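Taking it in order: structure first as structure tokens, then the write-up.
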Amino acid sequence: LFHWSIHLFLYTVRCLTMLGHFGFECLPHQLVNRSIQQGFSFNILCVGETGIGKSTLIDTLFNTNLKDKKSSHFYSNVGLKIQTYELQESNVQLKLTVVKTVGYGDQINKEASYQPVVDYVDAQFEAYLQEELKIKRSFIDYHDSRIHVCLYFISPTGHSLKSLDLLTMKNIDSKVNIVPLIAKADTISKNDLQKFKCKIMSELVSNGIQIYQFPTHDETTAQMSQSLNFYCGQLPFAVVGSMDEVKVGKRMVRGRQYPWGVLQGKCDESEQVCSGKCVCVNKLGFFCSFQEIYEAKRQKFYDQCQREEEELKQKFMQRVKEKETTFKESEKELQEKFEHLKRVQQEETMKLEEERRQLEEEIIDFYKMKAVSETLQTQVCTNIKKE
Ligand code: GDP
């Protein structure tokens with residue numbers, strides 16, 4: 001829902017720590033890639049009095065300069081201004097439809113002021129239903145104009161909600177996601193703002209008005225969503241919009257310049273700017289640009305891949321080392337076995353050699369004895385003959 005918002009110039013309580021990114025960056029990598037290819041379509045309904053800062057906030061959110069003509073306070077009826085913009089930031093395409101109330105709260109009789117809003121919301125549901133009922137539906141080309149979010153701008157009176165606010169919200173809360181905003185929140189002091197928020201929330205609860213609940217089923221965003229849903233805490237969001245570019249350090253940024261400092265919308269808390277007499281506005285604009293988030297997600301994925309690769313390398317090296325040690329031990333064992341066998345064989349050879357030598361000596365002795373006996377035999381024979 002709000003995840004689409006780019007460069008939101010929004011804060012709830014001054015000097016809070018930044019909660020980090022959520023939404024787009026929490027989507028799975030493949031889903032992000034597919035969404036980037038297909039482009040996004042987002043329909044916002046802005047309901048609020050004339051001059052409350054609707055156009056300025058949209059420009060601040062999407063970092064655009066949509067040059068909207070200032071509305072008059074003299075319309076006899078409430079109307080709606082529908083504008084569709086094709087926005088592109090790097091490779092992210094966004095078809096943005098902004099529906100703004102015109103003349104809201106300007107009539108003396110405000111009883112039916114909510115009706116055009118309700119009619120418009122219903123008409124978009126009807127159009128979608130008609131498309132769905134067609135035998136041959138073509139949702140690929142169909143521009144789904146159903147409202148994704150209704151930003152309800154509350155006047156920064158610091159007092160309470162007006163009956164028109166309650167009446168309108170009551171009539172649309174079952175049809176759209178209402179995100180209540182305290183407009184021009186820079187005009188209220190910190191204490192008043194906190195009290196005003198609590199008062200608004202208690203009025204919404206006592207009148208049974210349902211506002212958008214940030215989803216808590218996704219564990220990556222659950223904690224943040226819970227803190228956003230927490231009544232008397234962050235809601236309704238206090239917002240500040242600006243079309244002005246002010247110089248902060250060496251850079252030009254969107255912000256509001258005051259005698260005591262600059263109010264600047266930023267993504268990175270570490271870069272919060274205090275200037276002049278120092279108005280430190282933490283947690284302003286916690287929605288980064290799509291591209292930044294996409295790049296951050298890519299970088300995170302890349303880092304994870306690198307980490308996993310490194311881990312695999314380490315594991316592989318470990319296994320190689322283990323195998324090497326096992327091989328070395330086996331080699332040592334074999335070597336010892338070989339040495340032992342060699343020794344045994346040498347001893348055997350020496351023994352055999354000794355036996356052979358003894359046998360040879362015996363043979364020689366035998367031949368000697370044979371020769372002596374033959375000589376003796378010959379002598380005996382000769383002696384016998386002589387006789
Ligand atoms: P819209 O009729 O609701 O669309 O109101 P605009 O966006 O045209 O704003 C009306 C005037 O309010 C302009 O002069 C803006 O500069 C001023 N404005 C818008 N947002 C803020 C804000 O957050 N704070 C302050 N102080 N002024 C704002």
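None of the values given here were measured: they were computed from a predicted structure. Numbers here are sequence positions counted from 1. Every number for a ligand or one of its atoms is a count from 1 in the order of the listing.
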(request) May I ask you to check whether V240 has an N/O atom sitting below 3.5 Å from an N/O atom of ligand 1? (result) no
(request) Measure the distance from atom 18 (N) of ligand 1 to every protein heavy atom, then report the residue, atom name and distance (to 0.1 Å) of the closest one. (result) K184 CE, 3.6 Å
(request) Could you establish whether G51 and ligand 1 come within less than 4.0 Å of each other, counting only heavy atoms on the residue side? (result) yes
(message) Taking ring pair (Phe, Tyr, Trp, His ring centres under 6.0 Å) as the definition, give me every residue that meets it alongside Y75, ordered by chain and number, with sequence neighbours left out.
(response) none
(request) Report, in ascending order of atom number, the atoms of ligand 1 lying under 4.0 Å from any heavy atom of E49. (result) 3 (O)
(request) Looking only at protein heavy atoms, identify the closest one to atom 9 (O) of ligand 1 and say how far it is in Å. (result) T56 OG1, 3.4 Å
(message) Can you name the atoms of ligand 1, numbered from 1 with element, that are less than 4.0 Å from a heavy atom of G241?
(response) 20 (N), 21 (C), 22 (C), 23 (O)
(request) Take K54 and E49 through the test salt bridge (Lys or Arg N to Asp or Glu O under 4.0 Å) and record every step on the way to the result. (result) CA-CA 9 Å; K54 300 184 289 294; E49 293 165 16; over 6 Å; no
(request) Please write down residue, atom name and distance for the protein heavy atom closest to atom 28 (C) of ligand 1. (result) R256 NH1, 3.5 Å
(message) Applying a heavy-atom cut-off of 4.0 Å, say which part of M243 lies close to ligand 1: side chain, backbone, both or neither.
(response) neither
(request) Anything under 30° is parallel, anything over 60° is perpendicular, the rest tilted; go ahead and classify F42 against F62. (result) tilted
(request) May I ask whether K100 places a heavy atom under 4.0 Å from ligand 1? (result) no
(request) Please identify each residue that fulfils ring pair (Phe, Tyr, Trp, His ring centres under 6.0 Å) with Y142, with sequence neighbours left out. (result) Y128, F139
(message) Quiz question: by atom type and distance under 3.5 Å, do the side chains of T64 and D59 form a donor-acceptor pair?
(response) yes
(request) Specify the protein heavy atom at minimum distance from atom 8 (O) of ligand 1: its residue, its atom name, and the distance to 0.1 Å. (result) K70 NZ, 3.6 Å
(request) Just need the protein heavy atom nearest to atom 4 (O) of ligand 1, so name the residue and atom and give the distance. (result) S55 OG, 2.5 Å
(request) Could you tell me whether the side chain of T101 and the main chain of V47 form a donor-acceptor pair under 3.5 Å? (result) no
(request) State whether E322 and R319 are salt-bridged, where the test is any N-O pair (Lys NZ or Arg NE/NH1/NH2 against Asp/Glu carboxylate O) under 4.0 Å. (result) no
(request) Report yes or no: do Y114 and V102 belong to one cluster of Ile/Leu/Val/Met/Phe/Trp/Tyr joined by side chain heavy-atom distances under 4.5 Å? (result) no
(request) Give the residue, atom name and distance (to 0.1 Å) of the protein heavy atom nearest atom 5 (O) of ligand 1. (result) G53 N, 3.1 Å
(message) Please list the nearest protein heavy atom to atom 24 (N) of ligand 1 with its residue and the distance rounded to 0.1 Å.
(response) D186 OD1, 2.8 Å
(request) Answer yes if the side chains of Q130 and E126 hold a donor-acceptor pair under 3.5 Å, and no otherwise. (result) yes
